[in-house]
Amino acid sequence: MRPPDDPAGFIRANTRLLPVPHAPEIRLHVADEATALWEKTEEELEAIGLPPPFWAFAWAGGQALARYILDNPDRVTGARIIDFASGSGLVAIAAAQAGARHVTASDLDPFAMAAIRLNAAANDVAGRIEPVSDNLLGTEPEVDLVLAADVFYERDLAAAVTAWLYGLQARGVQVLIGDPGRTYLPRDRLECLATYAVPVSRSLEDTEIKRSHVWRLRP
């Protein structure tokens, strides 16, 4: 798969800068419709079978986690943070706005890298967010907190992420998860901290309001 020619230009041309429904303090470049953008993304990269453009939407778990961080800034103030599978950068932006010292926004999608930069700049927090395209699974980053939203939708990925997060927690890293209860969420190993009724796109979630939760790993 070749890299995109102009990911920032593609994003600007195919999205609108709008407030996040459940965290209107934050604005994101979002798409109106998933399927059309997905097809355009595959055309741009000359590849078929790509994952959906997660970076172009405010997903339910991310909105819940962003809301929780904005309402509980003591969780992130002064902290070094990784926002894992950052997508649009929504959760990373919330952490930066709430006072995080530095946020690494991690995602493998080259469009996500551009989206994170654009969205961080639109919210005046570009100086505290570092987009990183490396695969962090299995690594031991020197951070205080890992944030992970909407990552438990695929079995093998969920298992790998869960093992990685538990390994980090054993080293003293705090972990917060935003998720509406997707199929492979390890519920029996989590404690729910907050629940929200989050406005979402029916085309993505088959509903207009999704009950979404913020979790932490049980010891």
Side-chain angles (χ1 to χ4, degrees), residues 18-28 30 54 57-107 116 119-120 122-132 136 141-152 161-162 164-182 185-200 205 209-219:
L18 296 173
V20 173
H22 207 60
E25 301 95 321
I26 297 171
R27 297 185 302 156
L28 297 178
V30 293
F54 294 114
F57 303 95
W59 296 83
Q63 290 197 58
L65 188 50
R67 181 75 269 154
Y68 182 82
I69 289 168
L70 292 170
D71 292 344
N72 298 273
D74 56 298
R75 291 279 188 175
V76 302
T77 300
R80 300 164 300 165
I81 294 172
I82 286 174
D83 177 25
F84 179 75
S86 186
S88 66
L90 168 58
V91 175
I93 291 165
Q97 287 186 345
R101 185 196 321 174
H102 180 268
V103 185
T104 299
S106 161
D107 204 290
I116 292 164
N119 291 330
N123 290 276
D124 299 320
V125 291
R128 277 184 285 168
I129 294 177
E130 178 187 3
V132 171
L136 298 184
E142 294 297 323
V143 294
D144 307 299
L145 172 66
V146 173
L147 306 170
D150 300 295
V151 297
F152 295 98
V161 171
T162 300
W164 179 61
L165 294 177
Y166 264 98
L168 294 179
Q169 182 177 260
R171 296 176 49 244
V173 177
Q174 299 295 308
V175 176
L176 292 177
I177 293 168
D179 198 281
R182 301 195 190 281
L185 181 73
R187 288 174 176 268
D188 58 337
R189 306 179 72 176
L190 303 175
E191 176 186 354
C192 184
L193 299 178
T195 298
Y196 303 96
V198 178
V200 292
E205 301 281 9
I209 300 293
K210 190 88 169 176
R211 282 177 58 83
S212 302
H213 315 277
V214 175
W215 315 79
R216 66 181 172 193
L217 295 179
R218 296 185 188 277

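Everything numeric in this text was worked out from a predicted model, so none of it was measured.
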Just do the side chain to side chain contact (heavy atoms under 4.5 Å, CB included) check on I209 and V200 with the steps written out, would you? CA-CA 6 Å; I209 300 293; V200 292; over 6 Å; no
Kindly indicate, with the supporting measurements, whether the criterion side chain to side chain contact (heavy atoms under 4.5 Å, CB included) is fulfilled by L90 and L28. CA-CA 7 Å; L90 168 58; L28 297 178; 4.0 Å; yes
Check step by step if side chain to side chain contact (heavy atoms under 4.5 Å, CB included) holds for F84 and L165. CA-CA 10 Å; F84 179 75; L165 294 177; over 6 Å; no
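No donor-acceptor pair under 3.5 Å is formed between the side chain of W215 and the backbone N or O of R187. Not a single donor-acceptor pair under 3.5 Å links the side chain of S88 to the backbone N or O of F54. Q63 contributes a side-chain N or O that, together with a main-chain N or O of P199, makes up a donor-acceptor pair within less than 3.5 Å. Not a single donor-acceptor pair under 3.5 Å links the side chain of D144 to the backbone N or O of A79. Under the 3.5 Å distance criterion, the side-chain polar atoms of D83 are left unmatched by any main-chain donor or acceptor of A105. With R128 contributing its side chain and A96 its backbone, the two residues share a donor-acceptor pair below 3.5 Å. Of the possible polar contacts, none joining the D179 side chain to the A149 backbone as a donor-acceptor pair under 3.5 Å is found.
Between atom CD1 of residue I81 and atom CZ of residue R101 there is a gap of 10.0 Å, rounded to the nearest 0.5 Å. One distance of note links CD of E142 with CD1 of I82; it measures 10.0 Å at 0.5 Å rounding. The distance from atom OH of Y68 to atom CG of L193, rounded to the nearest 0.5 Å, is 4.5 Å. Atom OG of S86 sits about 4.0 Å away from atom CD1 of I116, to the nearest 0.5 Å. In this structure, CZ on R218 lies 8.5 Å from CG on D188, to the nearest 0.5 angstrom. Taken from CG in L70 to CZ in R67, the straight-line distance is 5.0 Å, to the nearest 0.5 Å.
The pair E191-R216 counts as a salt bridge, with a side-chain nitrogen and a carboxylate oxygen less than 4.0 angstrom apart.
Between V20 and R27, every side-chain heavy-atom pair lies at or beyond the 4.5 Å cut-off. Here the side chains of L147 and V103 are not in contact, with every heavy-atom distance at 4.5 Å or above. Contact check for T104 versus V143: no side-chain heavy atoms found under the 4.5 Å cut-off. Proximity of R75 to I69: side-chain heavy atoms (C-beta onward) are nowhere separated by under 4.5 Å. Contact annotation: the side chain of I93 approaches that of N119 to within less than 4.5 Å [non-hydrogen atoms, C-beta and beyond].
Of all non-hydrogen atoms in A85 and D107, the two that sit nearest each other are C-OD2, 3.5 Å. The heavy-atom pair separating I129 from A120 by the smallest distance is CD1-CB, 4.0 Å. Annotation for T162 and P186: closest pair OG1-CG, 3.6 Å, computed over non-hydrogen atoms. The two residues E25 and N123 make their nearest non-hydrogen contact at O-OD1, 3.9 Å. Pairing each heavy atom of P141 with each of R171, the nearest pair is O-NH1, 3.8 Å. Of all heavy-atom pairs between P24 and P19, the closest is O-CB, 4.0 Å.
Within 6.0 Å of CZ on R211 lie no more than 12 heavy atoms contributed by other residues, nucleotides or ligands.
Using cut-offs of 30° and 60° for the angle between ring planes, the Y196 and H22 rings count as perpendicular.
Applying the side-chain contact (heavy atoms from CB on, under 4.5 Å) test between Q174 and each of L168, V146, L145, L217 identifies L145 as the sole match.
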